[in-house]
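The shown structure was predicted, so the numbers you read here are calculated from the model rather than taken from an experiment. Lettering of chains follows the sequences in order, A, B, ..., and the numbering in each one begins at 1.
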Number of protein chains: 2
Amino acid sequence: MLKITRKVEYALIALRHMQSNPLDKLTSAKEIATLYGIPQQLLAKTLQQMARDGIIEAVQGPAGGYRILAKLDRISLKDFFEKLEGPLGMMDCYFDSDCIQIGACNIRIPIQRINDNMRNMFAQMTLQEVTQ
Amino acid sequence: MLKITRKVEYALIALRHMQSNPLDKLTSAKEIATLYGIPQQLLAKTLQQMARDGIIEAVQGPAGGYRILAKLDRISLKDFFEKLEGPLGMMDCYFDSDCIQIGACNIRIPIQRINDNMRNMFAQMTLQEVTQ
DNA sequence: GATATATACGACATTTTTAATCGTATATAT
DNA sequence: ATATATACGATTAAAAATGTCGTATATATC
Ligand code: FES
Ligand code: FES
């Protein structure tokens, strides 16, 4: 439990790779996939999603690829996680109220407190710190 | 991602319930299961595990049940989570070195930093705070 | 203009993890 | 003896994560 997904892991690897060479250089999904031994198609989808989210920029055609677009020190880890994986909650009932324990639950408030702590922690870390 | 398991959820519900009435009172798995609408057998196993871990005490036979044994303000959330679910790492390679990216990985160190932050956060919260 | 290479993306299949159930044994109050 | 509770390994079911496939589109190069 409390694991991050491969998708996020791959996204971080890609960002860190792009961060490590000139910012205007284009890097293809294939390049990163073979270099770090990760499934190319899956990585490609993740990169496409990050492009939709404005984190990176995509250039099509041969000699195309991706490059970093956003200021990574302006994106919190919380926002990054939520862009890729949706709302961040240790339990589903943190957001939706369709929990099993309709009215009987006795830990909703305490769990929310823990969750707020966690969200807060990730809100205070930037993507820059992780990928630099 | 970053979700806690039902097992942990059920454990917290049970602890909070026991916390809310006299500490020497015995509560059966069935009682808690029906009260909060959770699978009895699954809850029972979780309670048994907590008993093995010394968090609660089990009394067999009719009129038996469980009651809190440990000082909940001496158990960190990190320890509690790890007792129930094993080592706490956002990625498997935090502990074991059998990661896919044998030598090529570029985010190991950064991820460990995030992970340490998270572990630290849970190490600073006690079970008491959550269940009181 | 044909070709090769890259992104774009929905649909499907596989694998892994989590959740729940089953069956049986043991303890003990009544 | 009986009923009720814990104890626990084994199995099944459900859900989520991971990976693959097929096809479309853009564009640099020849
Ligand atoms: S478990 Fe969902 S509200 Fe408590
Ligand atoms: S992903 Fe495991 S070491 Fe980087």
Side-chain angles (χ1 to χ4, degrees), chain A residues 1-11 13-14 18 25-34 36-67 69 81 84-87 89-92 98-101, chain B residues 1-11 13-14 18 25-34 36-67 69 81 84-87 89-92 98-101:
Chain A
M1 69 170 203
L2 293 172
K3 290 259 175 26
I4 63 172
T5 61
R6 293 281 164 136
K7 192 160 112 184
V8 168
E9 180 184 334
Y10 297 157
I13 289 177
M18 289 190 267
K25 179 179 184 294
L26 287 170
T27 311
S28 73
K30 185 177 184 180
E31 196 177 333
I32 298 176
T34 56
Y36 296 98
I38 61 192
Q40 178 178 342
Q41 304 241 49
L42 190 49
L43 173 64
K45 286 179 121 173
T46 306
L47 291 169
Q48 284 155 28
Q49 188 175 354
M50 282 200 283
R52 277 195 300 271
D53 289 336
I55 300 172
I56 59 181
E57 177 189 12
V59 174
Q60 286 196 327
Y66 304 88
R67 75 184 134 215
L69 177 63
F81 287 165
L84 289 180
E85 298 287 352
M90 293 204 316
M91 293 171 59
D92 296 326
D98 60 347
C99 186
I100 336 153
Q101 352 277 16
Chain B
M1 70 171 203
L2 293 172
K3 289 258 174 30
I4 63 172
T5 62
R6 291 282 163 108
K7 191 161 114 183
V8 168
E9 180 184 335
Y10 297 158
I13 289 177
M18 289 191 265
K25 178 179 185 294
L26 286 170
T27 311
S28 72
K30 185 177 184 181
E31 196 177 331
I32 298 176
T34 56
Y36 297 97
I38 59 192
Q40 177 178 342
Q41 303 241 51
L42 190 49
L43 173 64
K45 285 179 120 172
T46 306
L47 291 168
Q48 284 155 27
Q49 187 174 355
M50 282 200 282
R52 277 196 301 271
D53 289 337
I55 300 173
I56 59 180
E57 177 188 13
V59 174
Q60 287 197 326
Y66 303 88
R67 74 185 136 215
L69 177 63
F81 287 165
L84 289 181
E85 298 287 354
M90 292 203 318
M91 293 170 59
D92 295 325
D98 59 347
C99 186
I100 336 151
Q101 352 278 17

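Looking at the side chain of B/Q48, the nearest of the listed nucleotides D/dC8, C/dA19, C/dT7 is D/dC8.
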Next on the checklist: Please convert DNA chain C into dot-bracket. A pair counts if it is Watson-Crick or G-U wobble with both distances under 3.5 Å; crossing pairs go in [ ] and bases paired with another strand get |.
Outcome noted: ||||||||||||||||||||||||||||||
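We find that CZ of A/R6 is positioned 19 Å from P of D/dA16, with the value rounded to whole Å. Rounding to whole angstrom units, CE of residue B/M50 and P of D/dC8 are separated by 14 Å. As a whole-Å value, the separation of B/M91 CE from D/dA17 C1' is 15 Å. Spacing between atom CG of A/L43 and atom C1' of C/dA8 amounts to 14 Å, rounded to whole angstrom units. The nearest whole Å value for the distance from the NZ atom in B/K7 to the C1' atom in C/dA19 is 11 Å. A/Q49 has its CD atom 13 Å from the P atom of D/dT18, to the nearest Å. In this entry the distance linking CG of A/L84 with C1' of D/dA17 reads 14 Å, nearest Å. Nucleotide C/dA8 holds its C1' atom 15 Å from the CG atom of A/L42, rounded to whole Å.
Ion pairing between a basic and an acidic side chain is recognised when a charged N comes within 4.0 Å of a carboxylate O; B/K25 and B/E31 show such pairing.
Residues B/R67 and B/V59 are in side-chain contact: their nearest non-hydrogen atoms beyond the backbone lie under 4.5 Å apart. A heavy-atom distance below 4.5 Å is found between the side chains of B/L47 and B/I56. A/V8 has its side chain out of reach of B/M91: every pair of non-hydrogen atoms, C-beta onward, lies at least 4.5 Å apart.
Using a 4.0 Å heavy-atom distance criterion, B/A44 is classed as making no nucleic acid contact. As judged by a 4.0 angstrom heavy-atom cut-off over every strand, A/A29 is placed among residues touching the sugar-phosphate backbone only.
In this structure, CD1 in B/I4 is found 9.5 Å from CD in B/E85, a value given to the nearest 0.5 Å. Between the OG1 atom of A/T46 and the CD atom of A/Q41 there is a distance of 11.5 Å, given to the nearest 0.5 Å. Once rounded to the nearest 0.5 Å, the distance linking CG of B/L43 with OH of B/Y66 reads 8.0 Å. Atom NZ of B/K45 and atom CD of B/Q40 lie 13.5 Å apart (nearest 0.5 Å).
For the OP1/OP2 pair of D/dA7 and a distance below 4.0 Å, the side-chain nitrogens and oxygens of B/Y66 include at least one atom meeting the criterion. Checking the phosphate oxygens (OP1, OP2) of C/dA8, no side-chain nitrogen or oxygen of A/R52 falls inside 4.0 Å. Between A/Y10 and D/dT18 there is no side-chain polar atom (N or O) within less than 4.0 angstrom of OP1 or OP2.
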Checklist entry - How does protein contact run along nucleotides 22-30 of chain C, one letter per nucleotide 5' to 3', with B for base contact, S for sugar-phosphate only, - for none, heavy atoms under 4.0 Å? => result BB---BBB-
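In this structure, A/M1 and A/Q40 both approach DNA chain C, and ranking their closest nucleotides by distance from the 5' end singles out A/Q40. Nearer the 5' end of DNA chain C, as judged by each residue's closest nucleotide, is the contact made by A/L47, out of A/L47 and A/K3.
Under the 3.5 Å distance criterion, the side-chain polar atoms of B/K7 are matched with a main-chain donor or acceptor of B/L84.
A pairwise comparison of heavy atoms in A/I32 and A/A14 identifies CD1-CB, 3.9 Å as the closest pair.
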